[in-house]
Amino acid sequence: MKKALVLGAGGFIGNHLVNRLKSEGFWVRGIDLKYPEFQKTQADHFVIGDLRDLAVVIEGMKSPDSTPFEEVYQLAADMGGAGYIFTGDNDANVMHNSATINLNIADQAVKYKIGKIFYSSSACMYPAYNQEDPDNPECSESSAYPAAPDSEYGWEKLFSERLFLAYERNYGLQVRIARFHNIFGELSTYTGGKEKAPAAICRKVATAKSGESVEVWGDGLQTRSFLYIDECLTGVRKLMDSDFSGPVNIGSDEMVSINQLVEMVAKISGKTISLHHIPGPIGVRGRNSDNKLIYEKLSWRPSEPLTAGITKLYHWVNEQVHQTVHPA
Ligand code: NAD
């Protein structure tokens, strides 16, 4: 039985990835500061631990049968939505915490001779100067340099991509790097300050009455694409099974404005909702996944329409919100 180690297994993507790996027959260990928020983990062994602490990483890499983990997935990061990473208030923590985690993990992965390591980078590492036109952002993998991310979160991701690639060059570590573009789905944070746009919008619409308005940060004309979690994990697993190290985009290329996303959610809810634009952190003006490289290397790219995933997310958030407001 193949063994996988999932770092950040208590988080949104990590928890879903543990479920996927279990369904594929892996023995799985998860490590995180916390258990998954919305369901019991399916990991065979789950360690509550801080990956900034080298001793936790050293202990975590020891596999149950003393042979190296075949696969390690590094998803742990100090992160959140725009309200967390674009205000500037969390910059030092974001950089220090995530860089420390990655420095510890890259080094121990070599010492433990693990088979392959997956690293989750982000589209936030792309240069801001290529994302000023909301209708025409440039996010091909080769456009990464000269580097100019618009957040410290993006700079740390770029640093850690380079860190893992340096370990590949100098120590033969097998790495696979994906740049995720706005992954969303059920079992994700939808309130509290770390939530991302799709879950936040679903919460706002779910708690609004028909005829009311919801608040939207900025003018809502900023564009993004959003990828449903199941397709993201399919891309991750295909990349892991391939010979291509990346970095490669894993994202949808169905670009929408934030206003259009709110209108989509309102339609799904069946409510009449108007938009109230307020000042807020918005990030770059436009961003979309460029999927030429992933298609070339993996003969696969995401294809599910946005509305299909958003419908599933809306129903889940709606259930959560109403359970919380009116406990049985
Ligand atoms: P998440 O915040 O839900 O998960 C990250 C997990 O890392 C959390 O459970 C957190 O507790 C854990 N963690 C943080 N610091 C830790 C520490 N010191 N020790 C142990 N665990 C620690 O985020 P997510 O959406 O699941 O994202 C997973 C990865 O994908 C992250 O690296 C993120 O930067 C990257 N990513 C996500 C998106 C997205 O849209 N969700 C987009 C781009 C990149």
Side-chain angles (χ1 to χ4, degrees), residues 5-20 29-39 41 43 46-57 59-60 73-85 90 93-105 117-126 139 149 151-161 164 177-190 192-200 224-229 231-233 235-236 246-252 283 287 289 309 313:
L5 175 61
V6 179
L7 306 164
F12 162 55
I13 300 174
N15 175 47
H16 280 280
L17 178 61
V18 168
N19 296 346
R20 174 70 68 102
R29 171 180 295 149
I31 307 183
D32 202 301
L33 291 170
K34 60 177 179 65
Y35 289 108
E37 213 177 325
F38 302 104
Q39 72 173 185
T41 181
F46 196 101
V47 178
I48 293 290
D50 188 335
L51 295 162
R52 292 170 302 181
D53 178 351
L54 186 57
V56 169
V57 178
E59 199 51 36
Y73 293 84
Q74 175 10 29
L75 301 157
D78 190 355
M79 68 101 65
Y84 189 73
I85 58 176
N90 305 299
N93 284 346
V94 164
M95 296 188 91
H96 172 88
N97 293 341
S98 297
T100 306
I101 292 170
N102 287 316
L103 288 163
N104 283 344
I105 290 168
I117 185 161
F118 171 85
Y119 173 60
S120 53
S121 182
S122 163
C124 288
M125 48 59 63
Y126 282 116
C139 292
S151 66
E152 302 303 354
Y153 169 76
W155 278 105
E156 191 283 327
K157 287 293 186 192
L158 201 55
F159 164 77
S160 291
E161 282 188 5
F164 282 106
I177 300 175
R179 295 172 177 160
F180 289 158
H181 290 242
N182 296 316
I183 314 303
F184 74 94
E186 301 96 314
L187 312 177
S188 62
T189 302
Y190 60 89
K194 280 196 162 189
E195 66 278 21
K196 320 270 174 43
R224 294 291 185 277
S225 68
F226 300 92
L227 182 68
Y228 187 61
I229 181 70
E231 284 204 298
C232 167
L233 296 179
V236 169
V248 65
N249 291 328
I250 293 190
S252 161
R287 176 172 292 152
S289 184
L313 176 64

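Because only heavy atoms are used, hydrogens play no part in the values below, and waters and symmetry mates are left out as well, while side chains stay in. Every number for a ligand or one of its atoms is a count from 1 in the order of the listing.
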- Message: Taking only non-hydrogen atoms of Gly49, do any sit less than 4.0 angstrom from ligand 1?
- Response: yes
- Any N or O on Ile101 sitting closer than 3.5 Å to an N or O of ligand 1? no
- Item | Whether Lys157 lies under 4.0 Å from ligand 1, heavy atom | yes
- Task: Please check if the side chain of Ser98 supplies one atom and the backbone of Asp78 the other of a donor-acceptor pair under 3.5 Å.
- Result: yes
- Message: Any non-hydrogen side-chain atom of Glu156 less than 4.5 Å from a side-chain atom of Met79?
- Response: no
- Message: Return the closest protein heavy atom for atom 28 (C) of ligand 1 as residue, atom name and distance.
- Response: Leu75 O, 3.4 Å
- Task: Pick, from Phe180, Phe12, Tyr35, Phe226, the option with the minimum heavy-atom distance to atom 43 (C) of ligand 1.
- Result: Phe180
- Message: Looking only at protein heavy atoms, which one is nearest to atom 8 (C) of ligand 1, and what is the separation?
- Response: Asp32 OD2, 3.5 Å
- Message: Between ligand 1 and Met79, is the shortest N or O to N or O distance under 3.5 Å?
- Response: no
- Message: If we only consider heavy atoms of Tyr153, is any one of them less than 4.0 Å away from an atom in ligand 1?
- Response: yes
- Query: Is the backbone of Gly193 close enough, under 3.5 Å, to the side chain of Glu195 for a donor and an acceptor to pair up by distance?
  - Reply: yes
- Give me the ring orientation class for Phe184 and Phe226: parallel if the planes are under 30° apart, tilted from 30 to 60°, perpendicular past 60°. perpendicular
- Would you call Asn97 a ligand 1 contact, heavy-atom distance under 4.0 Å? no
- Given Asn182, Asp50, Ile31, Leu7, which one has a non-hydrogen atom that is nearest to atom 18 (N) of ligand 1? Asp50
- Passes side-chain contact (heavy atoms from CB on, under 4.5 Å), Arg287 versus Cys139? Steps please. CA-CA 7 Å; Arg287 176 172 292 152; Cys139 292; 4.0 Å; yes
- Item | Asp78 N/O under 3.5 Å from ligand 1 N/O | no
- Item | Lys34 neighbourhood, listing ligand 1 atoms whose heavy-atom distance to it stays under 4.0 Å | 9 (O), 11 (O)
- Is any N or O atom of Ala123, backbone or side chain, closer than 3.5 Å to an N or O atom of ligand 1? no
- Message: Taking the side chain as everything from C-beta on, heavy atoms only, tell me whether Val18 gets closer than 4.5 Å to Phe46.
- Response: no
- Message: For the backbone of Gln39 and the side chain of Asn15, can you confirm whether one donor and one acceptor N or O come within less than 3.5 Å of each other?
- Response: no
- Item | Nearest-neighbour protein heavy atom for atom 14 (C) of ligand 1, which is reported as residue plus atom name and distance | Ala77 O, 3.3 Å
- Taking the side chain as every heavy atom from C-beta outward, state whether Leu227 and His181 have any atom pair closer than 4.5 Å. no
- Item | Any Ser121 heavy atom less than 4.0 Å to ligand 1 | yes
- Query: Is there side-chain contact between Ile229 and Phe12, with at least one heavy-atom pair below 4.5 Å?
  - Reply: yes
- Message: Please list the nearest protein heavy atom to atom 19 (N) of ligand 1 with its residue and the distance rounded to 0.1 Å.
- Response: Leu51 N, 2.9 Å
- Which atoms of ligand 1 are found less than 4.0 Å from any heavy atom of Gly10? 9 (O)
- Query: Is a side-chain N or O of Ser120 found less than 3.5 angstrom from the main chain of Gln74, in a donor-acceptor match?
  - Reply: yes
- Message: As an exercise, identify every atom of ligand 1 less than 4.0 angstrom from a heavy atom of Lys196.
- Response: 25 (O), 39 (C), 41 (N)
- Task: Consider every N or O of Gly11 and every N or O of ligand 1, then say whether any pair is closer than 3.5 Å.
- Result: yes
- Counting only N and O atoms by type, is there a donor-acceptor contact under 3.5 Å from the side chain of Lys157 to the main-chain atoms of Met125? no
